[in-house]
Amino acid sequence: MRGVLLRTLMTAVATGTVVTLAGCGEPATPSDGTGGSRGPGGTGTATSAPATFTGPSRKPDVTNVSATFSRGKVEIAESRVKVRRGATVRITVTADEAEEFHLHGYDRTLKLSPGRPGTVDVVADKSGVFEAELHRSGTRVFELQVS
């Protein structure tokens, strides 16, 4: 039984080595920028660059929220923004007058200058519903629901 397992393991290692080496048969492109040639007579040009593997990457879970406060009214796509706990919320607010944006529960504030967008990133690590408002005017911008 032990001999069978050893032979199976050796066969698997040998097969993996052959498969790996089989992919290395392409000649390298010269570093002089000519692209090199393939086959008899020098026809054909290597056009593909070598691939590099950087490993698996996980894009961060980011929810973008944009709001505009103009002439006393808020323009926003959703009045209640729903995200999962742990998500990053990128909030961008533009106002036509000096204001202060505040996200309750997270105590994040953002001073706004007229016509200049302000942005704040918040990691939604607390569950619940949190109001976002403009302090000077008392205007509600949206609610953040984290679950």
Side-chain angles (χ1 to χ4, degrees), residues 5-39 43-147:
L5 289 174
L6 185 58
R7 277 194 301 268
T8 303
L9 179 60
M10 294 295 283
T11 301
V13 169
T15 302
T17 302
V18 169
V19 169
T20 301
L21 291 176
C24 297
E26 186 82 25
T29 302
S31 61
D32 64 0
T34 62
S37 62
R38 296 184 197 172
T43 60
T45 303
T47 57
S48 61
T52 56
F53 179 72
T54 58
S57 65
R58 185 181 185 290
K59 291 185 178 180
D61 187 7
V62 177
T63 299
N64 291 301
V65 179
S66 295
T68 303
F69 180 68
S70 179
R71 297 182 181 161
K73 293 185 180 181
V74 173
E75 292 179 31
I76 189 165
E78 299 286 332
S79 61
R80 179 170 280 196
V81 177
K82 298 176 183 179
V83 298
R84 66 178 185 77
R85 190 171 180 174
T88 298
V89 181
R90 178 165 295 137
I91 303 165
T92 303
V93 182
T94 306
D96 64 350
E97 58 187 67
E99 261 294 359
E100 183 179 65
F101 170 83
H102 182 232
L103 178 60
H104 290 275
Y106 287 89
D107 292 325
R108 299 297 302 268
T109 59
L110 185 61
K111 294 203 182 286
L112 302 172
S113 298
R116 298 183 70 176
T119 301
V120 63
D121 286 353
V122 178
V123 176
D125 57 0
K126 300 175 190 173
S127 296
V129 178
F130 307 94
E131 183 179 64
E133 71 172 346
L134 299 174
H135 270 179
R136 291 187 180 156
S137 65
T139 304
R140 185 178 73 151
V141 181
F142 66 93
E143 290 178 336
L144 177 64
Q145 180 177 336
V146 182
S147 53

Trainee: Kindly write out the residues that satisfy side-chain contact (heavy atoms from CB on, under 4.5 Å) with D121, not counting sequence neighbours, or none if the list is empty.
Mentor: T88, R90, T119

Trainee: Which heavy atom of P117 sits nearest to which heavy atom of G115, and what is that distance?
Mentor: CD-O, 3.7 Å

Trainee: Shortest non-hydrogen contact from V74 to A67?
Mentor: CG1-CB, 4.4 Å

Trainee: Where do F130 and G105 come nearest, in terms of heavy atoms and distance?
Mentor: CD2-CA, 3.7 Å

Trainee: Search all heavy atoms of V89 against all heavy atoms of A124 and return the closest pair with its distance.
Mentor: CG2-CB, 4.4 Å

Trainee: Show every donor-acceptor pair shorter than 3.5 Å between a side-chain atom in residues 140-147 and any protein atom, with sequence neighbours excluded, or say none if there are none.
Mentor:
| residue | atom | partner | partner atom | Å |
| --- | --- | --- | --- | --- |
| R140 | NH1 | E143 | OE2 | 3.1 |
| E143 | OE1 | R80 | NE | 3.0 |
| E143 | OE1 | R80 | NH2 | 2.7 |
| Q145 | OE1 | R80 | NH1 | 3.1 |

Trainee: Measuring from atom CZ of F69 to atom CD of E75, what distance do you get when rounded to the nearest 0.5 angstrom?
Mentor: 11.0 Å

Trainee: Let me confirm one number: the OG1-CD distance from T139 to E133, rounded to the nearest 0.5 Å.
Mentor: 8.5 Å

Trainee: Any side-chain heavy atom of D125 within less than 4.5 Å of one from Y106?
Mentor: yes

Trainee: For the backbone of R136 and the side chain of E99, can you confirm whether one donor and one acceptor N or O come within less than 3.5 Å of each other?
Mentor: yes

Trainee: Should the heavy atoms of other residues, nucleotides or ligands under 6.0 Å from NZ of K126 be counted, would the total exceed 12?
Mentor: yes

Trainee: What distance separates K111 NZ from H135 NE2, expressed to the nearest 0.5 Å?
Mentor: 10.0 Å

Trainee: Closest approach of A98 and P114, non-hydrogen atoms and distance?
Mentor: N-CG, 3.7 Å

Trainee: Any non-hydrogen side-chain atom of L103 less than 4.5 Å from a side-chain atom of E131?
Mentor: no

Trainee: Find the distance between OG1 (T63) and CZ (R84) and round it off to the nearest 0.5 Å.
Mentor: 9.0 Å

Trainee: Give me the atom names and distance for the closest heavy-atom approach of L112 to A95.
Mentor: CD1-CB, 4.2 Å

